[in-house]
Amino acid sequence: MSVQTSEPPDAACGDFAGRLLDWYDRSARALPWRVPPGSGRVPDPYRVWMAEVMLQQTTVAAVAGYYERFTARWPTVADLAAADDADVMAAWAGLGYYARARNLLACARAIVRDHGGGFPDSEAGLRSLPGVGDYTAAAVAAIAFGRPAVVVDANIERVIARHRLIETPLPAAKRAFKAELAPLVPADRPGDFAQALMDLGAGVCTPRAPACDRCPVGADCRARGRADIERLPVKPAKKAKPQRYGIAHWIERDDRLWLVRRPEKGMLGGMRALPGGEWAAMPPAESGIAEVDHGFTHFDLRLTLVRREAPLAAAEGEWWPLATLDAAGLPTLYRKLVDKMRERKG
DNA sequence: AAGGCGTGGAA
DNA sequence: TTTCCAAGCCT
């Protein structure tokens with residue numbers, strides 16, 4: 001309801017959601033998966049879900065192209081559910097966190113098989129789907145279904161930790177963030193509220209050098225002006241990344257390259273790859289024809305490329321034409337090796 | 001519940 | 001160069 005207030009103007013300082021949404025109506029980023037605020041249009045739950053999964057731990061810039069290609073190739077959840085696993089995994093190549101792609105397919109198929117082809121419209125229903133955790137369930141419920149869910153991502157954690165000066169370290173602070181946020185969620189625009197907070201965290205209340213002078217809720221921010229504002233939210237110390245080493249095999253015959261598929265679980269699970277041994281703490285004795293360094297989340301890897309004449313006798317794999325190697329969907333680690341070999345051949 | 005799980009851009 | 005970290009999920 002829209003009640004006319006008789007309170008003096010500075011009482012608006014209490015209206016967190018009002019100030020935030022006014023700012024969002026003026027400053028919302030135009031994103032491929034987003035419906036403009038105030039347009040009255042309702043976004044397609046399938047597209048909202050697709051975008052949210054891609055955006056997990058991944059930047060907007062990295063996602064945009066993948067989102068366009070996926071939604072063009074598989075316009076509906078039924079199309080995606082009917083897709084070949086290999087096609088989806090190859091299309092995801094380069095985006096990272098490949099369990100998301102496996103769960104994306106599993107979720108699409110669960111929607112078709114168990115939910116009549118339509119997404120559940122409640123947070124709890126969404127939460128039960130593969131690859132949908134607390135954040136994504138809340139985001140889809142709020143954005144696609146207008147449910148007053150409490151959406152908390154890393155941007156929103158930062159905004160709330162600062163605005164309320166919460167110094168509890170993550171992840172324990174999560175409960176406090178939700179508790180602070182819950183009474184602020186406006187019943188009429190929960191999706192815009194969540195997206196406004198994320199835009200605020202992404203563009204104004206940034207990890208370093210926040211632009212507090214442009215903040216719509218800065219007037220009552222408890223961290224504003226503090227020299228240590230960048231310390232919030234408090235995070236646990238990171239562990240050092242170990243160095244690991246491995247070998248990859250370049251097996252070429254008749255202008256084709258021998259590719260294998262990695263096991264479903266573990267690093268780069270389910271992705272096409274160059275064959276090779278386990279990755280270990282010690283460098284290989286063998287010297288190779290190329291070498292790449294690649295940083296993963298929890299270790300750094302140096303991979304040595306060694307030429308081989310033929311696959312192991314019992315090996316499973318496929319001879320992939322060198323001319324169309326880009327379409328094989330190799331993860332970045334192996335793409336780096338392919339690029340090096342192309343440089344060699346000039 | 002703490003660690004496994006990618007990548008590329010920014011500072 | 002190194003470090004940080006982005007619309008997290010799963011086990």
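Chain letters run A, B, ... following the sequence lines, proteins first and then strands; every chain starts at 1.
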Asks: How close or far is atom P of B:dG6 from atom CG of A:Leu333, stated in whole angstroms?
Replies: 11 Å

Asks: Would you tell me if any nitrogen or oxygen in the side chain of A:Tyr97 comes within less than 4.0 Å of OP1 or OP2 on B:dG4?
Replies: no

Asks: B:dG3 phosphate, OP1 or OP2: any side-chain N/O from A:Thr297 under 4.0 angstrom?
Replies: no

Asks: Can a side chain N or O of A:His298 be found less than 4.0 Å away from OP1 or OP2 on B:dC5?
Replies: yes

Asks: Between B:dG8 and C:dC9, how many Å separate the two P atoms, rounded to a whole number?
Replies: 22 Å

Asks: Whether the side chain of A:Arg302 engages the backbone of A:Pro283 through a donor-acceptor N/O pair (distance < 3.5 Å, no angle test) should be reported.
Replies: no

Asks: Quick one: A:Phe296 CZ to B:dG4 P, roughly how many Å, whole number?
Replies: 14 Å

Asks: Using a heavy-atom distance cut-off of less than 4.0 Å, which residues of residues 45-59 of chain A contact DNA chain C?
Replies: A:Glu52, A:Leu55, A:Gln56, A:Gln57, A:Thr59

Asks: Say whether A:Gln56 and A:Arg100, considering side chains only, have a donor N or O and an acceptor N or O under 3.5 Å apart.
Replies: no

Asks: Does a side-chain N-to-carboxylate-O contact under 4.0 Å join A:Lys340 and A:Glu291?
Replies: no

Asks: Is A:Val132 touching bases, backbone alone, or none of the nucleic acid, heavy atoms closer than 4.0 Å?
Replies: sugar-phosphate

Asks: Can you see whether A:Phe193 has A:Arg189 sitting over its ring - NZ or CZ less than 6.0 Å from the centre and within 45° of the normal?
Replies: no

Asks: Is there a side-chain polar atom (N or O) of A:Lys238 under 4.0 Å from OP1 or OP2 of C:dC5?
Replies: yes

Asks: Can you confirm if the NZ or CZ of A:Arg344 lies within 45° of the ring axis of A:Trp250 and under 6.0 Å from the centre of its six-membered ring?
Replies: no

Asks: Picking from C:dC9, C:dC10, B:dG8, which would you name as closest to the side chain of A:Thr332?
Replies: B:dG8

Asks: Checking all strands, does A:Arg34 fall into the base, sugar-phosphate, or nothing category for heavy-atom contacts under 4.0 angstrom?
Replies: base

Asks: Using a cut-off of strictly less than 4.0 Å, decide whether A:His294 has a side-chain nitrogen or oxygen near OP1 or OP2 of B:dT7.
Replies: yes

Asks: Quick one: on DNA chain B, does A:Leu268 or A:Arg208 contact a more 5' nucleotide (nearest heavy atom)?
Replies: A:Leu268

Asks: How close or far is atom P of B:dA2 from atom NZ of A:Lys174, stated in whole angstroms?
Replies: 14 Å

Asks: In this structure, how many angstroms lie between the C1' atom of C:dC9 and the CG atom of A:Leu104, rounded?
Replies: 13 Å

Asks: Whole angstrom is fine here: how far is it from CG in A:Leu232 over to C1' in C:dC4?
Replies: 17 Å

Asks: Applying a 4.0 Å non-hydrogen cut-off, can you work out what A:Ile143 is touching in the nucleic acid: base, sugar-phosphate, or nothing?
Replies: nothing

Asks: Taking only side-chain N and O atoms of A:Lys235, does any of them lie within less than 4.0 angstrom of OP1 or OP2 on C:dA6?
Replies: yes

Asks: Remember a base hit wins even if backbone is also touched, and classify A:Met198 as base, sugar-phosphate or nothing at under 4.0 Å, heavy atoms.
Replies: base

Asks: What closest approach, in Å, do A:Leu21 and A:Pro186 show between heavy atoms, and which atom pair accounts for it?
Replies: CD1-CG, 4.0 Å

Asks: Of A:Trp33 and A:Pro130, whose nearest nucleotide on DNA chain C comes first from the 5' end?
Replies: A:Trp33

Asks: Pair A:Trp319, A:Arg253 - check side chain to side chain contact (heavy atoms under 4.5 Å, CB included), show working.
Replies: CA-CA 8 Å; A:Trp319 290 106; A:Arg253 176 188 297 172; 3.7 Å; yes

Asks: With sugar-phosphate meaning primed atoms plus P, OP1 and OP2, does A:Gly269 contact a base, only sugar-phosphate, or nothing at under 4.0 Å between heavy atoms?
Replies: nothing

Asks: Under 4.0 Å, counting only non-hydrogen atoms across every strand here, what does A:Arg335 touch: a base, just sugar-phosphate, or nothing?
Replies: nothing

Asks: Report the distance from atom CG of A:Leu31 to atom C1' of C:dA6, rounded to the nearest whole Å.
Replies: 14 Å

Asks: So what does A:Ala154 hit on the nucleic acid, given a heavy-atom distance under 4.0 Å: a base, only sugar-phosphate, or nothing?
Replies: sugar-phosphate

Asks: Is A:Arg100 near enough to C:dC10 that one of its side-chain N or O atoms lies under 4.0 angstrom from OP1 or OP2?
Replies: no

Asks: Look at all strands and tell whether A:Ile156 reaches a base, only sugar-phosphate, or nothing, counting heavy atoms closer than 4.0 Å.
Replies: nothing

Asks: Please determine, for the side chain of A:Pro331, which listed nucleotide (C:dC9, B:dT7, B:dG3) has the closest atom?
Replies: B:dT7

Asks: Classify the nucleic acid contact of A:Gly295 as base, sugar-phosphate or nothing, counting any heavy atom under 4.0 Å across all strands shown.
Replies: base

Asks: Looking at the rings of A:Phe296 and A:His298, which for Trp means the six-membered one, are their centres under 6.0 Å apart?
Replies: no

Asks: Please check this pair: side chain of A:Glu230 against backbone of A:Ala209, looking for a donor-acceptor N/O pair closer than 3.5 Å.
Replies: yes

Asks: I need the CG-P distance between A:Leu170 and C:dA6, as an integer number of Å.
Replies: 11 Å

Asks: In whole Å, I'd like the distance from the NZ atom of A:Lys178 to the C1' atom of C:dG8.
Replies: 13 Å

